[in-house]
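Remarks on the structure that follows.
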Amino acid sequence: MKKGILIIGAGGVSRVATHKCAINIETFEKITLASRTIAKCEMIQTEIKERHNVNIDVACVDADDIPSLIKLIQIVNPKQVLNVALPYQDLTIMDACIATGVDYVDTANYEHPDEAKFEYKEQWAKHEDFKKANINGLLGSGFDPGVTGVFCAYAAKHYFDEIHYIDIMDCNAGDHGYPFATNFNPEINLREVSSNGRYWEEGSWIETKPLEIKIDHDYPEVGVKPSYLLYHEELESLCKNIKGIKRIRFFMTFGESYIQHMNCLQNVGMLGIKEVEHKGQKIIPIEFLATLLPDPASLGERTVGKTNIGCICEGIKDGVKKKIYIYNICDHQECYKETGAQAVSYTTGVPAMIGSKLLYNGTWKNKGVFNIEEFDPDPFMEELTTQGLPWKIIEID
Ligand code: NDP
């Protein structure tokens, strides 16, 4: 009989998700952590034994290779796979889950390695195959996407008849002390931030230049921070799944130093994703840059300050206009004390475990491929408060 969870990827997000699965071992029964570099799995395995006295198994796998994935899944025989490798591996891991009849969860939508573009199209196209294989697929169970979708679904269920406007506000006011570093995988992060912005209004997408739209926003318990409009993947599913929506946007804070470095790197071609020849060797500039930058998984110890991520929803309830702000605040050092990771990994890894838990214990079930806001938000909101990410709701205006 299928039993346990197979976690693929052993970076910053995985470290938190695996710790949290170990804390919830009564649900997950058995944990196997597999990644390309087995030493990273073993490091997490040792930490988990020391901190939680839970034994987990480790394995080596190249998740770009479907036959290797299928072989591993057949040996481990898990009930569910949690994909916390990179977005490039989403499709191969989904195909391996279809072939083996195992449920699938991830935290980021598929990204084309050769094009700075991410979209749900290829993952949604697997809906019928998931149904035929009689398996559940939960897409985007991180914070954004993830908790932001749950916040919107919760607001829609309990606070509004119709939500007309949503602004997702993502603030990382943490300081790691480096002139320049990224809080999650550098390649994925820089591709996202240096791309054109985009938001959805009245049925169509409006494109902006990278970081063209800037507002000053007052984040509760953090303060006023410059926030830039970005395209973010949950916009693609929320504009379909939230009833009555007229406009949805996403804003993220960046410090001056981050933007100066990013612009400079962009200007000299270091964010390029096409191969260039260097002294007879072929290199991809952004991959080389990622090698030079600090490993995001190593930032935990030195990062201080807070994150505040939330959704401002505006709409109608019983014929009256209403506006609410739902948000979570997370402290980098508290996260580090608990899991050895900073808050960006923590705010992603905790919801990755919660989505996995709700699927694993059958609270959420639906055969096919679904985005997180399509499930009942209430059990997820309850888990957030007990698993380390409590939230607040305030009415504004
Ligand atoms: P890291 O770069 O720290 O870790 C990625 C891990 O995946 C590494 O262990 C890496 O192995 C492994 N990996 C990469 N390629 C393969 C492969 N072909 N086969 C097996 N393992 C592989 O990334 P993060 O932990 O920062 O991010 C993990 C995921 O979380 C990403 O998809 C990211 O986009 C997503 N994310 C989602 C957020 C959200 O809120 N929804 C926020 C932040 C991140 P190796 O060490 O050998 O390279």
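Counting convention: from 1, in listed order, for ligands and their atoms alike.
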Checklist entry - Can you list the residues that meet the side-chain contact (heavy atoms from CB on, under 4.5 Å) rule with Asn366, with sequence neighbours excluded? => result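 Result, side-chain contact (heavy atoms from CB on, under 4.5 Å) vs Asn366: Phe370, Phe375.
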Are [X] and [Y] close enough that their ring centres sit under 6.0 Å apart?
X      : Y      : value
Tyr325 : His217 : yes
Tyr231 : Tyr199 : no
Phe380 : Tyr154 : no

Checklist entry - Does Tyr104 reach the side chain of Leu139, with side-chain heavy atoms less than 4.5 Å apart? => result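 SC-SC contact between Tyr104 and Leu139 confirmed.
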Item to check | Per-ligand residue contacts, ligand 1, heavy-atom threshold under 4.0 Å | outcome: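 Residue list for ligand 1: Gly9, Ala10, Gly11, Gly12, Val13, Ser35, Arg36, Thr37, Lys40, Val61, Asp62, Ala63, Asp64, Val84, Ala85, Leu86, Pro87, Gln89, Thr107, Ala108, Gly142, Phe143, Asp144, Pro145, Phe184, Asn185, Ile188, Thr348.
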Item to check | Arg191 to Phe118 six-membered ring, cation-pi geometry met (6.0 Å, 45°) | outcome: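 No.
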